[in-house]
Number of protein chains: 2
Amino acid sequence: MNVRTLCLAILYFGDATGYEIKKMSVEGRYAHFVDASFGSIYPALAKLEADGCLTVREEPQPGKPARKIYSITEAGRQQFIEALHEPPGPDVFRSAFLMVSMCADLLPRERVAQAVDERLADLSAEIEHLKQVAETTESAGVAWSVRYGITCLTASRDYLAATREDLEAIAVDPAGEPPGDTVAAE
Amino acid sequence: MNVRTLCLAILYFGDATGYEIKKMSVEGRYAHFVDASFGSIYPALAKLEADGCLTVREEPQPGKPARKIYSITEAGRQQFIEALHEPPGPDVFRSAFLMVSMCADLLPRERVAQAVDERLADLSAEIEHLKQVAETTESAGVAWSVRYGITCLTASRDYLAATREDLEAIAVDPAGEPPGDTVAAE
DNA sequence: TAGGCCATGTAACCGGTTACATGATTAG
DNA sequence: CTAATCATGTAACCGGTTACATGGCCTA
């Protein structure tokens, strides 16, 4: 999924400015597709408008640059539906935490514990966020997706909370050998 | 996590060639960090060697280019441990399936069912793969990580299998209005 | 009064992919 | 006979990020 399609997706469900699209792609319920920056969104919107997929309406604001509110056109809707029909690539999960847990035996216990705390906090925050989305959405598809997300994230959080002791026990003893020495003895 | 660190991680646990690193980063237990291509791995290994993080040993093979087997040096180990101490970014989950499920009401039921089938197959394949890794690993950290992964993926698969009817019921009736028209009526 | 939020946009950069070049061996 | 696997490497490209430019309003 590229920024172009993301813009189409967001605008399918309502008008928005580039600034709002950025926010939604980072914090909102569109956060699991591509996290686009201004440097990619503004050019994408301009291109989309030139292609006839969007229309703009400018709303002047005293002292600020005018808000450029984009609306999707029929051509834009069609392009999005087409994109939805394309075979989706496999889901991608990239985790720096996983690298820490795989290498727990190379790290001091406190470092591993810290990584677990952070991951647990991230997980809880995301679950809370999804619960808020669940309360505000009217779309059945979004509601199903949110329940799915909450289920997966909760399973992850619960397992991590229940087994963190096992993971932390793998880490090197802070009083024992300094990190690296155990394996470095080749 | 960039390709450089990935190479260091893989070579920390044993010598390998660029070709083998590629395979591990796509299929192996390193698949959840960056999926690097040859075009990024070979230059990274050359740079790493120039930086004194790796040593190479060439193993000539009749008719094929010589295998260049890389080994990590003490400097390389230190750099990897340092990378492990850096604050890891939040975990990233990117899903085209999620876009389909969120927009289920814009798609024909068969399209949604197909996406569910594919996702279910991906999930099962990955669970099977992790079970195989579990049988072969000797590292306690890898073993913990694999159990964690199996737990999360199983929760995901089970919930999807249990609620797929709900999701498919959201899709547009194939006998009814063609996709797009329901919402397009603005 | 400092910092964050609003709001747009451009240009340089960069990390990665894709395609290319080369070629023997093995499995279907 | 074809396709995949092994095995290395380069060059063009591209989609995205980062940093920059501008500036008023609101909150701590």
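Just so we're clear, the structure is a prediction, and the values are computed from it rather than from any experiment. Proteins come first, then strands; the chains are lettered A, B, ... in the order of their sequence lines, and each starts at number 1.
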Does B/K22 pair with B/E27 as a salt bridge, N-O distance under 4.0 Å?
no
How close or far is atom C1' of C/dG15 from atom CD1 of B/I41, stated in whole angstroms?
13 Å
In whole Å, I'd like the distance from the CG atom of A/N2 to the P atom of C/dT17.
17 Å
From CZ of A/R67 across to C1' of C/dC5 the rounded distance in Å is 13 Å
Write down the distance between NZ (B/K47) and C1' (C/dC14), rounded to a whole number of angstrom.
13 Å
Would you say B/Q61 reaches C/dA24's phosphate, i.e. side-chain N/O to OP1/OP2 under 4.0 Å?
no
What's the closest nucleotide to the side chain of A/K68 if the choices are C/dT17, D/dC6, C/dT8?
C/dT8
Using a heavy-atom cut-off of 4.0 Å across all strands, would you classify A/G18 as base, sugar-phosphate, or nothing?
sugar-phosphate
If you check the B/Y19 side chain, which of D/dT8, C/dA7, C/dG16 turns out closest?
D/dT8
Value in whole Å for how far the P atom of D/dG16 lies from CZ of B/R94
11 Å
Shortest side-chain distance from A/F38, nucleotide among D/dG16, C/dT8, D/dA7:
C/dT8
Consider the side chain of B/S37, meaning its heavy atoms from C-beta on, and name the nucleotide among C/dT18, C/dG16, D/dT17 that approaches it most closely.
C/dT18
Separation of A/E49 atom CD from C/dT8 atom P, in whole Å?
13 Å
Does the pair A/D35/B/R94 count as a salt bridge with the N-to-O cut at 4.0 Å?
yes
Would you kindly give the CD1-to-C1' distance between A/I21 and D/dG16, to the nearest whole Å?
17 Å
Do the side chains of B/D91 and A/R119 get close enough for a salt bridge, i.e. N-O under 4.0 angstrom?
yes
Nearest to side-chain heavy atoms of B/K64, which nucleotide of C/dG23, C/dT8, D/dT10:
C/dG23
Under 4.0 Å: is that the gap between some side-chain N or O of B/K23 and OP1 or OP2 of D/dA7?
no
Nearest listed nucleotide, side chain of B/P65, among D/dG23, D/dG16, D/dT8:
D/dT8
Please tell me which of A/I69 and A/S40 maps to the more 5' nucleotide of DNA chain C, matching each residue to the nucleotide holding its nearest heavy atom.
A/I69
Taking only N and O in the side chain of A/T17, is any of them less than 4.0 Å away from OP1 or OP2 of C/dA7?
no
Parallel, tilted or perpendicular: ring planes of A/W144 versus B/Y159, cut at 30 and 60 degrees:
tilted
Please give, in whole Å, the distance from C/dC6 C1' to A/K22 NZ?
12 Å
Measure from NZ or CZ of A/R77 to the centre of the six-membered ring of A/Y12 and say whether it is under 6.0 Å with the direction within 45° of the ring axis.
yes
Just call it for B/A46: base, sugar-phosphate, or nothing, with non-hydrogen atoms closer than 4.0 Å on any strand.
nothing
